[in-house]
There are 2 protein chains.
Amino acid sequence: MKNSKTKYAVLGVISLLGPMSGYDIKMFCDKAISFFWNENFGHLYPVLAQLESNGLICRSDLEEGTRKKSYVITEKGRIELEEWLVGPVEYQPERSELLLKLSFGNQMQGKDIISMLEATKARNQLKFDRLNNIYDQYINNDEAMKKPQYPYWIVTLRYGITSLEASLKWCDDTIEFLNKYNGGK
Amino acid sequence: MKNSKTKYAVLGVISLLGPMSGYDIKMFCDKAISFFWNENFGHLYPVLAQLESNGLICRSDLEEGTRKKSYVITEKGRIELEEWLVGPVEYQPERSELLLKLSFGNQMQGKDIISMLEATKARNQLKFDRLNNIYDQYINNDEAMKKPQYPYWIVTLRYGITSLEASLKWCDDTIEFLNKYNGGK
DNA sequence: ACTTGCATGTAAATCGTTACATGATTAC
DNA sequence: GTAATCATGTAACGATTTACATGCAAGT
């Protein structure tokens, strides 16, 4: 559990959104932050158990009688979370399957490259639209603005939107460039 | 070896750049494509051995007497490479430590957020400058233009440049936004 | 002599995904 | 009644990273 960012994701989400179960955390990831963070049950539950046994989170008493196991963060957990928060953002080696394939483009047929780019564009357009919807609902929303995380969520949304925008433009430019290049030779 | 993209990276690089050793492949990754693809020795060598035992690559006779083991792609390897190339680009769940931390920004001190963003900006500025240098040397270079991969490498470079540009702009905007927001409240 | 770069590999650990297994509750 | 959603977990597997280990060759 040295490098598990899942650990910190869990600590952060729980510390921010009060008593939460593994299921709650998963749903929150899927619905609210999946454009920059993802978790799955198979990893989440063991980490949760480990965090509890290490005293970084503990059971809340909100679930009386149900199967649901809600957790809150402990003082010890909060300290570890803060240590991570002020530490450096770890370098993450890039791995883009799209670019890898594209760099071997001379071994592909022109139509296959274009359809790969079109598929990427379509996928990103969907993400872009979805994010923009969320953003529009969130920005200047009185309810949302009361929350202390408001400005931070705004900027993460903007990150997603900005980079998807750039990606969409690149798709268009690239399709045009390759069409011209292959037409012109 | 079902989902190993390393496998395809190796096949692609070897098929494109002729007889290559594990070391050669690693150096190529580091120097030429590290902005979108990375490999490490610990993974590379076992995969190389496996690809050879599966008949997807075979030893070339270029290394007589040296310790260096150079490989070329086989017909079987080329077929598998092409199958992967025309297949769909797999969805990769996002995981950005920067955005994860930022989304917990209300639990950080203002100065720590700003320095995190400044560090990100500085790092990306470096990458941006480096990529631009490579791009400038490559674009319209007579030597480079003769190679069949020329247009494809151009567009991958543009991808890197475009997305770093977007990221740099976002850093500036975000620093300004958060400064204003926290100053104004 | 010594450091840097070339060169290949193994072992251990870990992280994360996928598939599997189970069962309660709620809505239609 | 039955499908969807809520809810928790385990097991197996696979991919990748990190650390370790070795040794040659070339330049300074």
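So that the names make sense, note that chain A is the first sequence line, chain B the second, and so on, each numbered from 1. Keep in mind that what you see is a predicted model, and the values were worked out from it rather than measured. What's counted below: heavy atoms across the whole structure, side chains too, no hydrogens, waters or symmetry copies.
Rounded to whole angstrom, the span from the CG atom of Asp30(A) across to the C1' atom of dC6(D) amounts to 14 Å. Here dT4(C) presents its P atom at 16 Å from CE of Met27(B), a figure rounded to the nearest Å. Following rounding to the nearest Å, Ile25(A) (CD1) and dG16(C) (P) show an atom-to-atom distance of 15 Å. Between Lys68(A) atom NZ and dT22(C) atom P there is a gap of 24 Å when expressed in whole angstrom units. Per the geometry, OH belonging to Tyr45(A) stands 16 Å off P belonging to dG23(C), to the nearest Å.
Ring planes of Tyr181(A) and Tyr150(B): tilted class, angle from 30 to 60°. Under the 30°/60° scheme for interplanar angles, the aromatic rings of Trp153(A) and Phe28(A) are found to be tilted. Using the six-membered ring where Trp is involved, Tyr159(A) and Trp170(B) have ring planes that are perpendicular, over 60° apart on the 30 and 60° scheme.
In this model, the phosphate group of dT8(D) is approached by a side-chain N or O of Ser21(A) to a distance below 4.0 Å at OP1 or OP2. For the OP1/OP2 pair of dT8(D) and a distance below 4.0 Å, the side-chain nitrogens and oxygens of Tyr23(A) include no atom meeting the criterion. An OP1 or OP2 oxygen of dT8(C) is reached within less than 4.0 angstrom by no side-chain nitrogen or oxygen of Lys26(B).
Using modelled atom types, one finds a donor on one side chain and an acceptor on the other under 3.5 Å when comparing Ser15(B) with Gln107(A). Side-chain contact of Ser103(B) with Gln149(A): a donor-acceptor pair under 3.5 Å is absent, judged by distance alone.
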Letter per nucleotide, 5' to 3', of nucleotides 12-24 of chain D [B base touched, S only sugar-phosphate touched, - untouched; heavy atoms, 4.0 Å]: ---SBBB----B-
Donor-acceptor list for residues 128-140 of chain A side chains, cut-off 3.5 Å, not counting sequence neighbours:
residue: Asp129(A); atom: OD1; partner: Gln125(A); partner atom: NE2; Å: 3.2
residue: Tyr135(A); atom: OH; partner: Arg158(A); partner atom: NE; Å: 2.9
residue: Tyr135(A); atom: OH; partner: Arg158(A); partner atom: NH2; Å: 3.2

